[in-house]
Amino acid sequence: MDAEKIKKAVTLLLEGVGENPDREGLKETPERIARMYEEIFSGIGQTAEVPLMKTFSSDAKEMVVEKDIVFYSMCEHHLLPFYGKAHVAYIPNGRVVGLSKLARCVEVYAKRPQIQEQLTEQIAEALMEYLKPLGAMVVLEAEHMCMTMRGIKKPGSKTVTMAVKGAFEENAVLQDQFFKMVRM
């Protein structure tokens, strides 16, 4: 990440909207935003391989669900946040992963500019690639600030996306079981 470019861009943005970047309240804003962008875009160039590589042998064959994983991401169309909850499931195939690693997987892909549909797919594909489970299912529900504070201005509206892989793809019973577990 190039902090100097970000600072220059923020200064130009402030000037472009008619603000004085040298005003007391804005003097350090370009630096603050550069530090913030380093944090909120820290997933750029990363994969979930590292968090998902620490697995344990297990005879478990039943679905594992981690629900209500809070995430924050940035819409690549407006660079405004979208945020919500991720519900992640997989069916072990001889190995299980520490539960916190599922949340880390979500976080890696959420910390980059993108669209929710792609984020959902990236999480499911990472589970399949790095855990090698029998199947994976991911549902994200999120509120988009580009819908809330601009444009149509519909606060409280949620976008729900889903990705199903492996054993979940053609099995409505497994999908129903997932949704029941998420509602518990």
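Under the 3.5 Å distance criterion, the side-chain polar atoms of Glu39 are left unmatched by any main-chain donor or acceptor of Arg35. In this structure a side-chain-to-backbone donor-acceptor pair under 3.5 Å is missing from Lys165 to Gly135.
Contact of the Glu49 side chain with the Glu129 side chain is not registered, since no non-hydrogen atoms from C-beta on lie closer than 4.5 Å. Counting heavy atoms from C-beta on, the side chains of Ile91 and Leu174 come closer than 4.5 Å. Contact of the Val88 side chain with the Val65 side chain is not registered, since no non-hydrogen atoms from C-beta on lie closer than 4.5 Å. Contact check for Val10 versus Leu14: side-chain heavy atoms found under the 4.5 Å cut-off. Between Leu80 and Arg150 the shortest side-chain heavy-atom distance falls below 4.5 Å. You'll find the side chain of Cys146 stays beyond 4.5 Å of the side chain of His77, heavy atoms only. Within the 4.5 Å cutoff, side-chain heavy atoms of Ile123 are placed close to those of Leu140.
The heavy-atom pair separating Lys27 from Asp22 by the smallest distance is CE-O, 3.2 Å. Nearest heavy atoms, Leu26 versus Pro30: O-CD, 3.4 Å. Minimum interatomic distance between Tyr90 and Arg95 (heavy atoms only, all atoms of both residues): CE1-O, 4.2 Å. Annotation for Tyr109 and Thr47: closest pair OH-CA, 3.5 Å, computed over non-hydrogen atoms. Contact between Ala48 and Pro51 at its shortest, heavy atoms only, is O-CD, 3.2 Å. The heavy-atom pair separating Pro92 from Glu62 by the smallest distance is CD-O, 3.2 Å.
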Exercise. When you look at Met63 and Met181, which way does the side chain to side chain contact (heavy atoms under 4.5 Å, CB included) test go after all the steps?
Worked result: CA-CA 10 Å; Met63 184 186 322; Met181 291 173 78; 3.9 Å; yes

For this session: Check the pair Thr120 / Val139 against side chain to side chain contact (heavy atoms under 4.5 Å, CB included), numbers first and verdict last.
Result: CA-CA 7 Å; Thr120 310; Val139 172; over 6 Å; no

Exercise. Between Glu38 and Lys111, does a salt bridge (Lys or Arg N to Asp or Glu O under 4.0 Å) hold up when you go through it step by step?
Worked result: CA-CA 10 Å; Glu38 187 175 344; Lys111 290 190 174 275; over 6 Å; no

For this session: Test Phe56 against Val97 for side chain to side chain contact (heavy atoms under 4.5 Å, CB included), laying out the working first.
Result: CA-CA 6 Å; Phe56 308 95; Val97 67; over 6 Å; no

Problem set entry | Test log, rule side chain to side chain contact (heavy atoms under 4.5 Å, CB included), inputs Glu141 and Thr159 | CA-CA 6 Å; Glu141 50 183 292; Thr159 301; over 6 Å; no

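Placement of Val182 and Val160 within a single hydrophobic cluster is found when ILVMFWY residues are connected by side-chain heavy-atom separations under 4.5 Å, directly or transitively. Residue Met145 is not grouped with residue Leu79 when hydrophobic side chains (ILVMFWY) are merged at heavy-atom distances under 4.5 angstrom, including chains of intermediate members. Using a 4.5 Å cut-off between side-chain heavy atoms of Ile, Leu, Val, Met, Phe, Trp and Tyr, with links allowed through other members, Leu119 and Met128 fall into different hydrophobic clusters. Linking ILVMFWY side-chain heavy atoms closer than 4.5 Å, directly or via other members, places Leu102 and Met53 in two distinct hydrophobic clusters. Tracing side-chain contacts under 4.5 Å through hydrophobic residues (I, L, V, M, F, W, Y), one reaches Phe168 starting from Met162; they form part of the same cluster.
Note that NE2 of His144 and CE of Met74 are 12.5 Å apart. Values are rounded to the nearest 0.5 Å. Atom-to-atom distance recorded for Met184:CE and Phe179:CZ is 15.5 Å, nearest 0.5 angstrom. Distance check: Tyr37 OH to Arg32 CZ gives 13.5 Å after rounding to the nearest 0.5 Å. In this structure, Met137 CE and Asn171 CG are separated by 10.5 Å, a value rounded to the nearest 0.5 Å. Atoms CD and OH, on Glu125 and Tyr130 in that order, are 10.5 Å from each other to the nearest 0.5 Å. Taking NZ from Lys132 and CG from Leu52, the interatomic distance works out to 11.0 Å, rounded to the nearest 0.5 Å.
In this pair, Phe82 and Phe71 present their aromatic rings perpendicular. The plane angle is above 60°, beyond the 30 to 60° band.
Side-chain contact of Glu143 with Ser157: a donor-acceptor pair under 3.5 Å is absent, judged by distance alone. Between the side chains of His87 and Glu66, no donor-acceptor pair of N or O atoms lies under 3.5 Å. Side-chain contact, Arg112 with Ser73: no donor N or O sits under 3.5 Å from an acceptor N or O. Under the 3.5 Å distance criterion, with hydrogens and angles disregarded, a donor-acceptor pair is assigned to the side chains of Thr161 and Gln116.
In summary, Arg23 and Glu19 engage in a salt bridge, as defined by a charged side-chain N under 4.0 Å from a carboxylate O.
For CG of Asp59, the number of neighbouring non-hydrogen atoms (other residues, nucleotides, ligands) closer than 6.0 Å is 12 at most.
Listed by first then second residue, pairs satisfying salt bridge (Lys or Arg N to Asp or Glu O under 4.0 Å) with a partner in residues 1-12 read Glu4-Lys7, not counting sequence neighbours.
Remark: Glu76 pairs with no residue by the salt bridge (charged side-chain N to carboxylate O under 4.0 Å, His left out) rule, at least two apart or across chains.
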